Number of protein chains: 2
Amino acid sequence: MKEGPDIARVAALIGDPARANMLTTLMSGKALTVSELAEEAGVTIQTASSHLSKLNEGGLLRPRKQGRHKYFSLANDEVAHVLEGLMGLAAGSGHLRKRTGPKDAELRQARVCYNHLAGDMGTQMFDSLMTRGHLILDDDTLKLTAAGEIFVSNFGIDLTVLHKSRSPLCRECLDWSERRSHLAGSLGRAFLSRFEYLSWARRDQKTRVVSFSPHGAKEFEQLFSIK
Amino acid sequence: MKEGPDIARVAALIGDPARANMLTTLMSGKALTVSELAEEAGVTIQTASSHLSKLNEGGLLRPRKQGRHKYFSLANDEVAHVLEGLMGLAAGSGHLRKRTGPKDAELRQARVCYNHLAGDMGTQMFDSLMTRGHLILDDDTLKLTAAGEIFVSNFGIDLTVLHKSRSPLCRECLDWSERRSHLAGSLGRAFLSRFEYLSWARRDQKTRVVSFSPHGAKEFEQLFSIK
DNA sequence: CGAATGCTTCGACTACGATCGAAGTATGAA
DNA sequence: TTCATACTTCGATCGTAGTCGAAGCATTCG
């Protein structure tokens, strides 16, 4: 009965509401200070400090000191991946948050999932890339085809840089709101930052919402249309 | 601050030691009764019953009544996937169980991960399939090649049956002990049951250990050698 | 140097939930 | 019907962990 890693320890770490709020907030990919995270979680700074040191102890966070500030971000995308998985389970069992505020619709349309685009537009982009043969999913692995490489390069993404990254180029990520796949990995990240560079979209500072400008939405729609 | 699914609820569910033990045990893929799970978790039957109804409530389990027994298994492989992810995090942050008994070495060599082969032999099989070009991993999706289809069929696995399954044929699964990928999905499952059918290996009833016979290990080694 | 800001540590309070004994329900066997 | 087995519900107890006030460090600024 005592085999394998201590799964309960990590899960209990994520299982506290205050800590879960912090982690969810950090899914935006941004590094945040103790006080910012305290406010997000709705607890005092002392409490937040205690929680954050526990999360850090558990290897879920990466701390960086900068002057008198201390910034926390998620430790790696393995952590982000597990969190997204938990969101999938939570959404699947119908346990959504009680207060589905006005933000919810925007969140479902387009949001940041750690460092790439998720939500309705994320899955649309993924589907478009798949149906056009830019990506192929063979049983369980996602691959960028030759046609896909041309497409990506034409869009202004430098693949040679991405190939140097240790993390996988393409990765499939299950969307909790859509229950369908969207594109993660370094390519997913590159797409999102390219959208920002082209001013098609910008990330909301407080939430995980990604807002597309009218022009950006039009371009996006054209580029990733599903005929 | 209140966005997205209630991740804390699910995580807290997994975060209790007794419940985590039960879930880890169920990773063997077998359906177990309340009393069996109680013993595994080291609690009384009353307590186990309470835990199991909570896990069930949370959508993590699939209950089946059979006479006066009640069997529980994991709800789906999405759940199994999240659990394996958590094991990866737990193993990564060095929080292995205190008592690393004699079983530990066996577990690392070959074990069941929900319904497919994991551990050292699991990753060896995966690597062999990759280097021989039977599987290709394109950025993020795993695919069985034409050569792979022939190889698999020659080994006695009927692909037409597998293609009818709803779950993906190949799936990459990160191994907590090896920190490398092994093969999941319906093909991974098919391989394991084929090993059992050929009497190359058998699953231990109590633990998740997979024991290969001397003959089976030899055949395995030959079939999945890494030159 | 003080004053202010950002974070951590300490200590005490509190509440939630895990636990088990005992009683209750359901299924199967004699 | 009666007994046994498998599980569930109830009620009481007990610990652990989250919470915050207050005090303690550390860093920056005037």
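Note that the structure is predicted; figures quoted are calculated from it, not measured. Chain naming here is simple, since letters A, B, ... match the order of the sequence lines and numbering starts at 1 in each.
Taking the side-chain contact (heavy atoms from CB on, under 4.5 Å) definition, one finds that A/Ser213 meets it with A/His215, sequence neighbours left out. By the side-chain contact (heavy atoms from CB on, under 4.5 Å) test, B/Ser211 pairs with B/Val209, sequence neighbours left out. Here B/His116 pairs with B/His182 under the ring pair (Phe, Tyr, Trp, His ring centres under 6.0 Å) rule; sequence neighbours left out. Annotation: side-chain contact (heavy atoms from CB on, under 4.5 Å) contacts of B/Ala11 (sequence neighbours excluded): A/Ile14, A/Leu86. With sequence neighbours excluded, no residue forms a ring pair (Phe, Tyr, Trp, His ring centres under 6.0 Å) with A/Tyr71. Under the side-chain hydrogen bond (donor to acceptor under 3.5 Å, both in side chains) criterion, B/Thr44 pairs with B/Gln46, B/Thr47, not counting sequence neighbours. Checked against salt bridge (charged side-chain N to carboxylate O under 4.0 Å, His left out), B/Glu196 has the following partners two or more places apart in sequence or in another chain: B/Arg203. Legend: residues meeting side-chain contact (heavy atoms from CB on, under 4.5 Å) with B/Ser73, ordered by chain and number and at least two apart, are B/Ala31, B/Arg62, B/Arg64.
Within 4.0 Å (heavy atoms only), B/Ser53 reaches no atom of the nucleic acid at all.
Chain B approaches DNA chain C over the interval C/dA18 to C/dG28, counting the first and last nucleotide 5' to 3' with an atom under 4.0 Å from its heavy atoms.
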note = Its contact letters, B for base, S for sugar-phosphate only and - for none at protein heavy atoms under 4.0 Å, make nucleotides 19-30 of chain D read SBBB----BB--

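Of the residues in residues 69-76 of chain A, those with a non-hydrogen atom less than 4.0 angstrom from any atom of DNA chain C are A/His69, A/Lys70.
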